[in-house]
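Nothing here was measured: the structure is a model prediction, and the numbers come from that model. Worth knowing before you read on, the calculation uses all heavy atoms, side chains too, and leaves out hydrogens, waters and symmetry mates. Labels below follow one simple rule: chain letters A, B, ... track the order of the sequence lines, proteins then strands, and each chain is numbered from 1.
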Amino acid sequence: MTALDEIKIGGLGASRRRVEDNRFIRGKGNYVDDIVLPGMLHMEILRSPVAHARIVSIDTSKAWAIPGVRLVLTGEMMAKRNLAWMPTLSYDTQAVLATDKVRFQGQEVACVIADDPYIAKDACEAIVVEYETLPVVVNPEQALATDAPLIRDDKENQHDNVVFDWEVGDAAGTDRAFAQADLVSKIELHYPRSHPSPIECCGSIADFDRSTSKLTVYMTTQAPHIIRAAVSLVAELPEHMIRIVSPDIGGGFGNKVPVYPGYVMSILASILLERPVKWIEDKTGNLISTGFGRDVYLRGEMALRKDGRILGVRMHTLSDHGAFFADAQPSKFKIGLMHSAFAAYDIPAAHLLARGVYTNKAPGGVAYRCSFRVTEAMFFQERMVQAAADDLGMDQAEFRRVNFVRDDDFPHRTAFGFLTDSGQYGKCLDVGLEAIGYADFQERKKEAASRGRLLGIGISTMTEPLGAGNSREYDILGIKMFDSAELRVHMTGKALLRTGAKTQGQGHETTWAQIVAHELGLPAEDVVVEEGDTDTAPFGMGTYASRSTPVAGAAVAMVARKIRAKARKLAAHLLEVSEEDVEWELGRFYVRSAPNRGVTIQECAAAAYSNMPDGMEPGLENVAYYDPPNLTWPFACYIATVEVDPQTGVWDVLNFVAVDDCGVRINPMIVEGQIMGGLTEAYAMASMQFITYDAEGNCVGSNYMDYLLPTAWETPGFELHEVVTPCPHHPIGAKGIGECATVGGPAAFVNAVMDALKGFGVRNIDMPMLPDRVYEAITTGRDVSGHPPVRQDD
Amino acid sequence: MYPSRFGYESPRALDEAIELLSRGQGEAKILAGGQSLIPMLKLRFASPEMLVDINNLPGLSHLTVDPDGSLRVGALCRHAQLERAAALAGPFPTIAAAAPLVADPIVRNRGTLVGSICHADPQGDWAAVAIALGASVVAQGPSGRRRIPVADFVSGPFQNVLAYDEVAVEVVFPAAAGTAAGGYLKLERRVGDFATAGVAVGLERSGAVVTRAGMALTGVGGATIDASEAAQALVGGELTADRIARAADGAAAAAKPRGDHRGSAAYKRHIVHTFVTRILTRVADDVERAA
């Protein structure tokens, strides 16, 4: 008997086609807006046109008079039910509907529930709100001015616009490092505000059934169980009377982690009207009111020795959180995992001071496709590293190599206290340099110069802590960050797997089945995967922060191993030998002394229901809760070459090489898709994207004509390579990958453009590197700051 | 998409469409390609009482070169038709250069040149091309047809001189006397983005001597900017570096850009200058090669 071919059954390493695509490409997906319930009503939100104003009056009489209008909600009505404010994921509060004043343009002021969405929208337009405008704060500098208007005057003991001050690292040790430095290199950056922009906006259908007291909410959430806990807190309903269903989701990227006012209003409306209420956000609503990314001012310096060794790093971050601090973040870390910066470098001392401020801008501050602000950390790291290499007059690749944590130096305690456990940083760099043709690049540069073009090459490396928790260090609202999987193997050997994660495009339905195939030898196609329904799925923390494979994926392996352990007993029974004499190979148990005598996993499954030994509980199902011992630490090296037209500042990407080490790849095709998608987002941020605000607090970027998503036309091609360093603690050696490219990609583009401009005395151009900024840098020889973001100089 | 309530008519004859527009008293809007109107309805920036869909009118899809060499573009001629019309490259190089730069392929499949000119978005490409080439709009109303030069047709941002009961049935580009030359260059942050700046140049030459020159600018003012005065520097001689420089200086001076998230005013002016120089230098190179 020959062993199963793991690739053929769709196991580990198989680039198996995504099973979910079958329904998606046929238009048969089931998104929130596809769900229609009997008697369902429609909700529309009226948003504030101004950024900061006291609400003098709200007149809803004309809206109520429109036929088909069932309910008009205002902040006053919410307040009577103690629902005008709700808690955020970061222990702040956020207005559900404004009562006292509006604090950003697009804030929810009222909502209408009507027979159809047209009527609801008409009725919103009929609501008359009188605003008394207040001075507006659109950046941290204004927020911290001594005469700045107090944005959060709703909070007791809040006397300024500071959200938090936070410090991490070794201040004294870092001071000593700087005292010993031969050279200190400095840099100042702004990482502009961006938006995750999932193609499907947020939405919900709340369906409260008075006869059973049960509330069912179909909604766009990346974390159904956390939402259930939050709804339980806010709506004061017991958890067993709440069912959250997250159906197919059209992308999340962090945008669908928080609780949004629209969800809460639809729930209250359904409770009051006793009918299902559907809320589907439009694109503008999504862009101007939901969780954004970045908007951080980064300042830092690096203490250097002449031989190229880094002695210490100081970082200052000033982050703009908008009107309400609503970041998703582990509760211990005020600015997420910003201090994961420089984890790949062997640096003796580091210190970080972080400050967050309120402004009259949209709240949220979620980590957009990045684990709790790791993107900003890696961007700062790689921009700082390039600046330091330039100041030392050292080759940028060599400078990195000299300072990388060595392969034999793991586990390694980083300067900010994380424990990294594996990696081959130098090898990834070498693979990348070879692929991009680093050795010949200077020749190409000279040739281009003769044509009047500037060539540049930029390297960016990243490692990030992926897969929160462990439960010792990571929690959200006190809920520890573990995850779960439940596996039921039916009598015929077919199986149903459920996890506490929630796929939004990542392909869990495909990859989880591959892990089961790897552990049990069941063909992947025999395993159906379900997620997102809190009444059926085991408790989990959902999908974000690249945590699915590190945590839920590990739980899948662990539950399959529990199943295998029971199957072994069944096999011993069937083979009439003792359990110790049974050996396992993929899909089959056999007798050690007689390998031809064996039973398949399917035969074991049948026995679990039809022929179990005396005293054994029937059935073949189990659940595993997995609390990872550490985060996983993938590594990547991204290298871009660009050509700049000095007459216009237009730059094009010539080549892009990505070398990713995410440990063992479950489905290489899906991993490559993740990397290409992430690099596309990185290119977008580097080249064209930002959400900004004018002096009055008007959002510039409220639609896809102003806020740009790159198309296939301008997105460069990406050449992908891999290095595999298995994660030492993950059951199948996998690490997170979903975010790596978005996190590490941007600095490669910026470093490349800055390399092209090396002769002009310019150190930095803030993203997005629009042609006018590049041209300005070339012609003035000065850094181009992203602040103020909109230049109305003329 | 949840626009305000509106009526919808789909006439089968031009007279019927004009009748509907007359009855609408200015509250009726023509729907052709819909690539600007539909988004405006969606955002409720426009709330017309009635849409008069002209897509079923016969005889408006034409893209025809008349015996005298002039080009007639019907109200239902899509951008993509222009993009695919390889024969335009010789007699109408400015049109051929602009067609593939209009918006993105999806918009080009549906949107129309005539609709784009009527919409009068200062960042629309075709108005600049039409002005540079001295084209005219043919409008038909209850009392017959009239011809309006595009330079006079656009009266401001998103405004044209059509009466509410008139339909722009076609745009006519006159034939070049002598050899046609020119081009269109546009800077955008991404395909389909509104122009940061764009330049249309239309030339007629006899040998190496420029006999007529038109120039217009996209996205650098409250309306499409007619820079033909600056182009006069080119007429009556060869495309020397000096003449090119004067035309480019003139165009940059004619631009009235505002700084915004696409770039500063100074930068946009610089791009106009650079693009005028590039288009003219390319033409000069072509002339030299031909000679």
Side-chain angles (χ1 to χ4, degrees), chain A residues 42 44 114 116-122 124-125 192 280 282-284 645-650 683-684 687-694 700-715 768-776 778-780 784 786 788-794, chain B residues 1-6 35-36 39-45 47 100-101 103-108 121 123 185-199 219-221 248 255-278 281:
Chain A
H42 298 265
E44 178 69 28
D116 72 42
Y118 295 92
I119 298 171
K121 191 136 186 157
D122 289 347
C124 275
E125 288 184 351
I280 298 295
D282 62 18
K283 217 28 118 179
T284 295
D645 175 353
Q647 286 183 338
T648 59
V650 172
Y683 170 71
S687 65
M688 64 180 78
Q689 276 181 349
F690 62 148
I691 286 192
T692 186
Y693 290 78
D694 69 13
V700 183
S702 63
N703 60 64
Y704 283 161
M705 289 312 297
D706 289 318
Y707 186 72
L708 301 178
L709 304 187
T711 73
W713 183 262
E714 53 274 323
T715 303
M769 295 181 295
L770 290 167
D772 77 307
R773 293 189 180 182
V774 177
Y775 180 75
E776 186 182 327
I778 290 170
T779 47
T780 64
V784 181
V790 179
R791 269 160 295 171
Q792 284 154 327
D793 49 347
D794 29 37
Chain B
M1 157 171 172
Y2 302 108
S4 304
R5 185 173 289 270
F6 60 85
Q35 298 303 299
S36 298
M40 287 172 75
L41 290 173
K42 180 185 84 172
L43 295 168
R44 295 194 173 197
F45 291 164
S47 301
L101 300 184
D104 57 46
I106 302 163
V107 171
R108 291 201 291 275
D121 187 325
Q123 286 168 308
L185 284 176
K186 167 163 86 164
L187 179 67
E188 52 188 3
R189 295 174 299 173
R190 184 206 67 183
V191 65
D193 184 24
F194 290 113
T196 303
V199 172
V220 286
K256 297 183 187 68
R258 284 184 50 198
D260 60 15
H261 53 299
R262 289 185 176 79
S264 67
Y267 176 72
K268 291 179 183 182
R269 222 180 273 281
H270 164 75
I271 289 298
V272 167
H273 194 278
T274 305
F275 282 0
V276 170
T277 309
R278 285 187 179 180
T281 306

> Which pair of non-hydrogen atoms, one from B:Y267 and one from A:T648, has the smallest distance, and what is that distance?
Replying inline: OH-O, 2.5 Å
> If you measure from CD on B:E188 to CE on A:M688, what distance do you get to the nearest 0.5 Å?
Replying inline: 10.0 Å
>> Which residues pass the side-chain hydrogen bond (donor to acceptor under 3.5 Å, both in side chains) test with A:T711, not counting sequence neighbours?
In response: A:E714
> Does any non-hydrogen side-chain atom of B:L43 lie less than 4.5 Å from one of A:T284?
Replying inline: yes
> Can you list the residues that meet the ring pair (Phe, Tyr, Trp, His ring centres under 6.0 Å) rule with B:Y2, with sequence neighbours excluded?
Replying inline: A:Y118
> Is there a side chain to side chain contact (heavy atoms under 4.5 Å, CB included) between A:L708 and B:D193 once you walk through the steps?
Replying inline: CA-CA 8 Å; A:L708 301 178; B:D193 184 24; 4.2 Å; yes
>> I want to check something: taking the side chain as every heavy atom from C-beta on, are B:F194 and A:M705 in contact at a cut-off of under 4.5 Å?
In response: yes
> Is any side-chain N of the basic residue among B:R44 and A:D122 closer than 4.0 Å to the acidic one's carboxylate O?
Replying inline: yes
> Side chain, backbone, both or neither: which part of A:P768 has a non-hydrogen atom closer than 4.5 Å to chain B?
Replying inline: neither
> What's the spacing between B:H261 NE2 and A:D772 CG if we round to 0.5 Å?
Replying inline: 11.5 Å
> Looking at B:P39, B:P3, B:P105, B:S4, which one has more heavy-atom pairs under 4.5 Å with chain A than the rest?
Replying inline: B:P3
>> With chain B as the partner, which of A:L709, A:L770, A:T779 has the greatest number of non-hydrogen pairs under 4.5 Å?
In response: A:L709
>> Given heavy-atom pairs under 4.5 angstrom as the criterion, report whether the side chain, backbone, both or neither of A:D706 touches chain B.
In response: both
> More than 12 heavy atoms of other residues, nucleotides or ligands under 6.0 Å from NZ of B:K42: is that the case?
Replying inline: no
> Which region of A:E125, side chain (C-beta onward) or backbone (N, CA, C, O), has a non-hydrogen atom less than 4.5 Å from a non-hydrogen atom of chain B, or is it both or neither?
Replying inline: side chain
